[in-house]
> 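The structure's right below; bear with me while I get my questions together.
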Amino acid sequence: MSEYKHAYISEIGKYEGQDVCIKGWLYNKRSSGKLHFLQVRDGSGIIQAVVFKGDVDPEVFENAGRITQETSIVVCGTVKEDKRSTIGYEIGVKDVQVIGESVEYPITPKEHGVAFLLDKRHLWLRSPRQHAILKIRHEIIKSVRDYFNNNGFLLIDAPIFTPSACEGTTNLFETEYFDEKAYLTQSGQLYMEAAAMAFGKVYCFGPTFRAEKSKTRRHLTEFWMVEPEVAYNDLNDNMDLAEDFVEYVVQQVVKNRRAELEVLERDISKLENIKKPFPRITYDEAIEMLNKNGKEAPWGDDFGGDEETVISEQFDKPVMIHRYPSEVKAFYMKQDPQNAKLALCVDMIAPEGYGEIIGGGQREDNMDVLLNKIQEHKLPEEAFEWYMDLRRYGSVPHAGFGLGIERTVSWICGLHHVRETIPFPRMMERIRP
RNA sequence: UCCCCGGUAGCUCAAUGGCAGAGCAUUCGGCUGUUAACCGAAGGGUUGUAGGUUCGAGUCCCACCCGGGGAGCCA
């Protein structure tokens, strides 16, 4: 076996006519008397290895017929072009070596329920559909990093442990930090504001945690968020950045992960259409749109999933809704100089009912106004002393936003639930495996 | 926290209040081109848990446990 060169299935075309070995696992098997068809996967792809009784030792043929699903095997043979193969090639087997047996693998090539598959998430990752989703997740994350790295942003990692709530309202996971309490971060934003005053254009990218008891297809307790922040940007600059960024990420996936989108049966034309400019409407216009479409919405209410869906259905691109009432938004949102009841904030709602993927806006840069907001929200002033320093020492207009990775993956992949968009999802009722 | 749905073989599901079943998986046998292969056979059950109604409960009633979907909540 050692004389054969190790080849990955994704690059098998380079070895046509040569003898190679594939190191992987048995995905599925079919037999036909004097033939065994072994579907072998190695992480880079799946290839059919054909064992013909007349070509190999009787012992090799016999053993090949006994290999069970997900047994790890090294398959050696000749790479042959074959039109019947979905990847264009198959292996004419000369030898098969079993590395590790797999006895009664639980995920059979038939349908299974979500609860069962989530219990077996560590094995479910081996299936082609999960490969497609997680490769697209990889592409999205790579595109996110490339976009900011290529546009003059500096990566600044935000801490995971935080001494108190960024906004004081949401449920945080509490943990012990020596002899005091600490919380898992729900956002790196306040730290990005400090970093923007130091470096101009910055972003952070990492996990965030929310302890809300939400059981919906859009919620995880642990999820990943990318948060850019730019000094001297106003709300319009922020919306320009958001749409340029989202267009780039979507188009990179369309360009580089077409095969994976096809595995998921995604309508790619809908993604190809995600090009600038994106529609921008005010909160007031959104309220009007809701009332016109039979979804009564009083001025002053925040939008839930139903409202977001009705609005997103009016467009075939992500829509940016800006200038919400200050009351429903966080304390650090800058007050609109044209109307004190409004905040200079923006949410981006993905099309096809996928909901909010971006939330952000211009930050309050006036120290007195910010102090009032902290008091109105009954937040502990001393915890925000360092944050006030950013207004005390050379305050400038600045803006930023956060994009939720899992909701973006869910939208681009066309999934029903965010739980498949992350390798090991953490939800209200599920922390294992 | 609230509302809705569900829990039967390893998995996906069926069973009018009357013998607990099928497909897949597993094991054995057959087939030279299979594509969730096919054909034949075998093994496999505390029907989520605990009560109750009934001659008789997987099925009806009550409580609880677990899961799924949604709401609230969630920049």
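Computation of the quantities below employed the complete heavy-atom set of this structure, encompassing side-chain atoms and omitting hydrogens, waters and symmetry-equivalent molecules. Note that the structure is predicted; figures quoted are calculated from it, not measured. Within every chain, numbering begins at 1; the chains are lettered A, B, ... in the order of the sequence lines, protein sequences first and strands thereafter.
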> Please give the distance between the C1' atoms of A22(B) and A9(B) as a whole number of Å.
11 Å
> Of the listed nucleotides (A36(B), C73(B), A75(B)), which one gets closest to any side-chain atom of Arg30(A)?
A36(B)
> So Phe37(A), base contact, sugar-phosphate only, or nothing? Heavy-atom distance under 4.0 Å.
base
> Could you work out which one of G10(B), U1(B), A75(B) sits closest to the side chain of Arg210(A)?
A75(B)
> Take the protein atom CD1 of Ile67(A) and the nucleotide atom C1' of U26(B), then report the distance between them rounded to whole Å.
17 Å
> Rounding to an integer number of angstrom, what distance separates G69(B) and G30(B) when you compare their C1' atoms?
46 Å
> Ignoring hydrogens and geometry beyond distance, is the side chain of Gln39(A) in donor-acceptor contact with the base of A36(B) at under 3.5 Å?
no
> Any idea which of A75(B), C74(B), C11(B) is nearest the Tyr332(A) side chain?
A75(B)
> Taking atom C1' in both G48(B) and G67(B), what distance in whole Å separates the two?
11 Å
> G68(B), A71(B), U34(B): which one has an atom nearest the side-chain heavy atoms of Leu118(A)?
G68(B)
> Tell me the interatomic distance from Leu190(A), atom CG, to A75(B), atom P, rounded to whole angstroms.
13 Å
> Please determine whether any donor N or O and acceptor N or O are separated by less than 3.5 Å between the side chain of His219(A) and the base of C74(B).
yes
> Does this structure show an ion pair linking Arg66(A) with Glu101(A), if we count only N-O contacts that are shorter than 4.0 Å?
no
> Counting Watson-Crick and G-U wobble pairs only, both distances under 3.5 Å, name the nucleotide matched with C60(B), or none.
G52(B)
> Can you say whether a donor on the side chain of Glu90(A) sits under 3.5 Å from an acceptor on the base of G33(B), or the other way round?
yes
> Rounded off to whole Å, could you give me the CD-to-P distance for the Glu104(A) and C24(B) pair?
16 Å
> Does the side chain of Arg430(A) get closer than 4.0 angstrom to OP1 or OP2 of G68(B) through an N or O atom?
yes
> Looking at Glu174(A) and Lys181(A), does any basic side-chain N land under 4.0 Å from a carboxylate oxygen?
yes
> Can you tell whether the side chains of Asp82(A) and Arg84(A) come within less than 4.0 Å, N to carboxylate O?
yes
> Between His112(A) and Ser31(A), just flag the one whose closest nucleotide in RNA chain B comes earlier from the 5' side.
His112(A)
> Paired with U16(B): which nucleotide, if any, by Watson-Crick or G-U wobble criteria at under 3.5 Å for both distances?
none
> Specify the residue among Met427(A) and Thr68(A) whose closest nucleotide of RNA chain B lies further upstream toward the 5′ end.
Thr68(A)
> It should be established whether Arg66(A) places a side-chain nitrogen or oxygen under 4.0 Å from OP1 or OP2 of nucleotide U26(B).
no
> Salt bridge between Asp55(A) and Lys34(A), side-chain N to carboxylate O under 4.0 Å?
no
> To the side chain of Arg407(A), which of G33(B), G69(B), C74(B) is closest?
C74(B)
> How long is the line joining CD1 of Ile357(A) and C1' of C74(B), in whole Å?
17 Å
> So which nucleotide does U1(B) pair with, by the Watson-Crick or G-U wobble rule with both distances under 3.5 Å?
A71(B)
> When we call it a touch if two heavy atoms are under 4.0 Å apart, what does Asp302(A) touch: a base, just sugar-phosphate, or nothing?
nothing
> In the strands shown, is G23(B) matched to any nucleotide by a Watson-Crick or G-U wobble pair with both distances under 3.5 Å, and which?
C11(B)
> Rounded to whole Å, how long is the line connecting atom CE of Met428(A) with atom C1' of G68(B)?
13 Å
> Looking only at the side chain of Lys329(A) (C-beta and beyond, no hydrogens), which of the listed nucleotides G67(B), A75(B), G33(B) gets closest?
A75(B)
> Could you tell me whether Thr216(A) contacts a base, only the sugar-phosphate backbone, or nothing, with contacts defined as non-hydrogen atoms closer than 4.0 Å?
sugar-phosphate
> Separation of Lys120(A) atom NZ from G10(B) atom P, in whole Å?
12 Å
> Rounded to whole angstrom, note down the C1' distance from C11(B) over to U53(B).
35 Å
> I'd like to know if Arg137(A) and Glu406(A) make a salt bridge, using a cut-off of under 4.0 Å between side-chain N and carboxylate O.
yes
> Taking A41(B) as the reference, what is the distance to C24(B) when you measure between their P atoms (whole Å, please)?
12 Å
> Look through every strand shown and name the nucleotide pairing with G44(B) as Watson-Crick or G-U wobble, where both distances are under 3.5 Å.
none
> Measuring only the P atom in each nucleotide, how far is C38(B) from U1(B)? A whole number of Å is fine.
47 Å
> Verify the distance criterion only: is there a donor paired with an acceptor across the side chains of Tyr232(A) and Asp237(A) at less than 3.5 Å?
no
> Nearest to the side chain of Asp82(A) - G69(B), U12(B), G33(B)?
G33(B)
> Using the rule ring pair (Phe, Tyr, Trp, His ring centres under 6.0 Å), only one of Trp386(A), Phe161(A), Tyr203(A), Tyr387(A) pairs with Tyr191(A); which is it?
Trp386(A)
> To the side chain of Arg419(A), which of A75(B), G68(B), G33(B) is closest?
G68(B)
> Taking atom P in both G44(B) and A20(B), what distance in whole Å separates the two?
15 Å
> I want to check something: taking the side chain as every heavy atom from C-beta on, are His219(A) and Arg210(A) in contact at a cut-off of under 4.5 Å?
no
> Quickly work out the Leu184(A) CG to C74(B) P distance and round it to whole Å.
19 Å
> Ignoring the backbone of Val50(A), work out which of U1(B), C74(B), G33(B) is nearest its side chain.
G33(B)
> Nearest of U34(B), A71(B), A75(B) to any side-chain atom of Gln48(A)?
U34(B)
> Indicate, with a heavy-atom threshold strictly under 4.0 Å, whether Met225(A) touches base, sugar-phosphate, or nothing.
base
> Are any of the side-chain nitrogens in Glu265(A) or Arg129(A) under 4.0 Å away from the carboxylate oxygens of its partner?
no
> Can you see if the side chain of His417(A) gets near the phosphate of G69(B) - specifically, an N or O under 4.0 Å from OP1 or OP2?
yes
> Counting only Watson-Crick or G-U wobble pairs whose two distances fall under 3.5 Å, which nucleotide matches G29(B)?
C39(B)
> Regarding Phe52(A), tell me which of base, sugar-phosphate or nothing describes its non-hydrogen contacts under 4.0 Å with the strands shown.
base
> Figure out the CG/P separation between Leu117(A) and C11(B), and round it to whole Å.
11 Å
> Scan every strand shown for a Watson-Crick or G-U wobble partner of U34(B), both distances under 3.5 Å, and answer none if you come up empty.
none
> Taking the P atom of each, how far is C19(B) from A57(B), in whole Å?
12 Å
